[in-house]
Amino acid sequence: MSLQGKHILVGISGGIAAYKIPELIRSLRKAGAEVRVTTSRHALEFITPLTLQTLSGAPVYSDVFAAINEHATEHISLPDWCDMMLVAPATANVLGKMSSGIADDALTTTLASCAARKPIVLAPAMNDKMWENPATQQAVAMLRTWPNITVLEPTEGELACGVTGKGRMPEIDILQEAIECALSPKDLSGRHVLITAGGTEEAIDPVRCISNHSTGKMGFALAHECARRGATVTLIAGPVALAVHNPAQIHRIDVVSAAEMHEVCKQEWPKADLAILCAAVADFAPEAAATKIKKQPGQTELSLSLHLTPDIARSLGETKQAHQRLIGFALETDHETENALRKMEQKHLDAIVLNSLRDAGAGFGVDTNRVTILTAQGEQHSLPLQSKADIAKGILDALTNH
Ligand code: PMT
C-alpha cells in the first residue's frame, strides 16, 4: 500500500491493545506516510512516549499543559497538519466523550477540533461487556451518523481479560486498509462494480486439473481500490489464497471453473454499472473423467481432448446496456497491442488493460505490474512498473475520468 506523503495522526487511548500501535506506526511510515501521535494520559500506562516518539520520529502530544509542547496549541495545529486521524484503540470512555463533545485532555481536544473537518477512523477495543453497554452502543450509533467518521467493528476472539467475546481491536492490516479507505476519493460512490480475479481450474479427473499461474493479486487490488472509492463490489474469484480486507463493501463469490465463473457473471452483470474482468480464464477445458485416470502398463502418452469454454467477456459484452462499462485485461507474450486491440473489439469492451510477460515484474504472481490501458475511443495510457495496488489506482483514475 502506498501512503506516500500522507500526514496521519494516530490517537491512542488507554486500552491494552495500545501495545500493537508501534507496529502500525512502523507500517505506516514504511508505506511513505508521516505520522504524529497524540495519546490520553491513561494510554501511557500501556506504552511509553519514548517508543512512540522513536517510531514516529516526532514528539508525542499527551499533555495539554506540558511546557515542552511545540506550539502550546497542538490540539489545533495537529488537526490542521493531518490528512486523517485514526484512534486505536478507542476505549468506551473516548467513544462516549467524543459523541457528547467532551474534550478534557490532549487526545479528546485534538479529536474535537478534527471532528468537523478531517476523516476520522475509530477502532474500538474493550471488554465485551463494555462494548455491549447501551451507552457505548448509543455513542457508536451516533458517531456513525457523522459524515466523516468511520467506526470499525471490533472483532470476536480472546480478550485481554481471558474471556472470549467481541471487543478485540481489528488487526493492523485492517487498520491500514481503513486509513487508505478514509483517504481515497469517493468517486465510485453509489456504483456497483463486478470484478473477476484469479485463474480457473478445469478438472481432468477428480484428482487433476488444468490451470494457470494467476494468483488473483491484480483483481483483488482492483476490488479493494473500488471499495475504497465507495463502490459496492462483487468479486468473483477463482481458487486463490487471498483474503478480502473490507468484507462489508466486497461481496466475494468463489468459483472454480470457467463455466462456473460464466454462470455467476451472467447472474451478477445486470446489477453492475462497471465490470473489470481481470481473471485469467481457461479458454479450453477437458471433459472430466468420473474416476481417476490410471496409467496403463506400457503407456507412454495421454491425449486429452479439450473443448472451448464460454467467453465470459464476450457474453457480457453482447448483453451490455447503455449505462454499463466493460473493461477487460489482456495478458500477452507477443504482438501485444495488436492482440489486445483485437480482443477489445471482439469482446465489445470499452477498454482493455494490457500487460505483457515480456516485461520483468509484470503479469502473473508478482506484487507489481506494468500496464497500458487502451480505450475503444483510441486513447492510450501507460502506467510504469509499480505495486498492483498503485496500478489499480492508476487504472481507476484513467477510466473513471475517461
Ligand atoms: O492474478 P495475478 O497473479 O495478479 O496476475 C494478474 C493477471 C496477469 C492474471 C492479469 O493482470 C491479467 O492479465 N488477466 C487477464 C489474463 C488473460 O487471461 O487474458 P486473455 O487475454 O486470455 O483474456 C482477455 C480477456 O477476456 C480477459 O479480460 C479475460 O478475463 C477474458 N476472458 C478470457 C477467456 C474466457 N474464456 N473468458 C473471458 O472472459
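Index from 1, following the sequence. Numbering of ligands and ligand atoms starts at 1, following listing order. Because only heavy atoms are used, hydrogens play no part in the values below, and waters and symmetry mates are left out as well, while side chains stay in.
The closest side-chain heavy-atom distance from I210 to P286 is below 4.5 Å.
The protein heavy-atom contact nearest to atom 16 (C) of ligand 1 is L331 CB, 3.7 Å. For atom 14 (N) of ligand 1, the nearest protein heavy atom (residue, atom name, distance) is C278 O, 2.8 Å. Nearest to atom 22 (O) of ligand 1 among the protein's heavy atoms is K343 NZ, 4.1 Å. Ranking protein heavy atoms by distance to atom 28 (O) of ligand 1, first place goes to L277 O, 2.7 Å.
Heavy atoms of P310 found under 4.0 angstrom from ligand 1 belong exclusively to the backbone. Residue-level proximity to ligand 1 for N355 is carried by the side chain, the only part with a heavy atom below 4.0 angstrom. At a 4.0 Å heavy-atom cut-off, ligand 1 does not touch R314 at all. Under 4.0 angstrom from ligand 1, there are no non-hydrogen atoms of H262. Heavy atoms of A282 found under 4.0 angstrom from ligand 1 belong exclusively to the backbone.
Donor-acceptor pairing under 3.5 Å is lacking for the side chains of T372 and Q380. Side chains of T200 and E202: a donor-acceptor N/O pair is present below 3.5 angstrom, by distance only. Residues T51 and T48 bring a donor and an acceptor atom of their side chains to less than 3.5 Å of each other. Inspection of the E336 and S356 side chains reveals an N or O donor paired with an N or O acceptor under 3.5 Å. With hydrogens and angles left out, the side-chain atoms of H262 and S315 include a donor and acceptor closer than 3.5 Å.
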